[in-house]
*Asks:* 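Submitted below is the structure of interest, expressed as structure tokens.
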Amino acid sequence: MSKLTNQATSRKEALKEFLIGLAVAAAGGLMTGISYNSARPGGTYTVFTGLIALGAIYGLHGLWRLIFPSGIKGALGKQKSQSVEANSVKETAAKAEEAEVVDEN
């Protein structure tokens, strides 16, 4: 499988994860609202904090994967490889200049 196909598949899965997390958190909020509205004045109601937190964490994980489909190491690795390429180009140019100076003498 090509790298682009793999990245597209990863993004689709991340979007699905983000939307499911959003739906779970919204369901927890909706159930909390229903519980609050059905409680009598001064009565008790249930806050579905676990469901809301689970959905939020799952959704944030999906969002993170959308932003960094190859992971944070992949994103940092690209920056690192670009800087390594720039340094190697500079080193090659410096060696070429040294060789020209030696040839002239």
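We're numbering straight along the sequence, starting at 1.
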*Asks:* For residues 38-57, pull every pair meeting salt bridge (charged side-chain N to carboxylate O under 4.0 Å, His left out), keeping only residues two or more places apart or in separate chains.
*Replies:* none

*Asks:* What I'd like to find out is whether the side chain of V24 reaches to under 4.5 Å of the side chain of Y58, using heavy atoms alone.
*Replies:*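 A side-chain contact is absent here, since even the closest heavy-atom pair is not under 4.5 Å.
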
*Asks:* Does any N or O in the side chain of T32 come within less than 3.5 Å of the main-chain N or O of G28, such that one atom is a donor and the other an acceptor?
*Replies:* yes

*Asks:* With a cut-off of 3.5 Å and sequence neighbours excluded, list every side-chain donor-acceptor pair involving residues 43-50.
*Replies:*
none

*Asks:* So how far is it from W64 CH2 to I57 CD1, rounded to the nearest 0.5 Å?
*Replies:* 15.0 Å

*Asks:* Applying salt bridge (charged side-chain N to carboxylate O under 4.0 Å, His left out) as the test, list every pair that has at least one member in residues 45-68; sequence neighbours left out.
*Replies:* E13-R65, E17-R65

*Asks:* Using modelled atom types and a 3.5 Å cut-off, is there a donor and acceptor pairing between side-chain atoms of S10 and backbone atoms of N6?
*Replies:* no

*Asks:* Compare every heavy atom of A56 with every heavy atom of A25, then report the nearest pair and how far apart it is.
*Replies:* CB-N, 3.9 Å

*Asks:* Any link between L54 and L22 through a network of hydrophobic side chains (Ile, Leu, Val, Met, Phe, Trp, Tyr) touching at under 4.5 Å?
*Replies:*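 No.
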
*Asks:* Under 4.5 Å between side-chain heavy atoms, hopping through other hydrophobics if needed: is there a path connecting I67 to L19?
*Replies:* yes

*Asks:* Shortest non-hydrogen contact from A14 to L66?
*Replies:*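 Where A14 meets L66 most closely, the heavy atoms are CB-N, 3.7 Å.
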
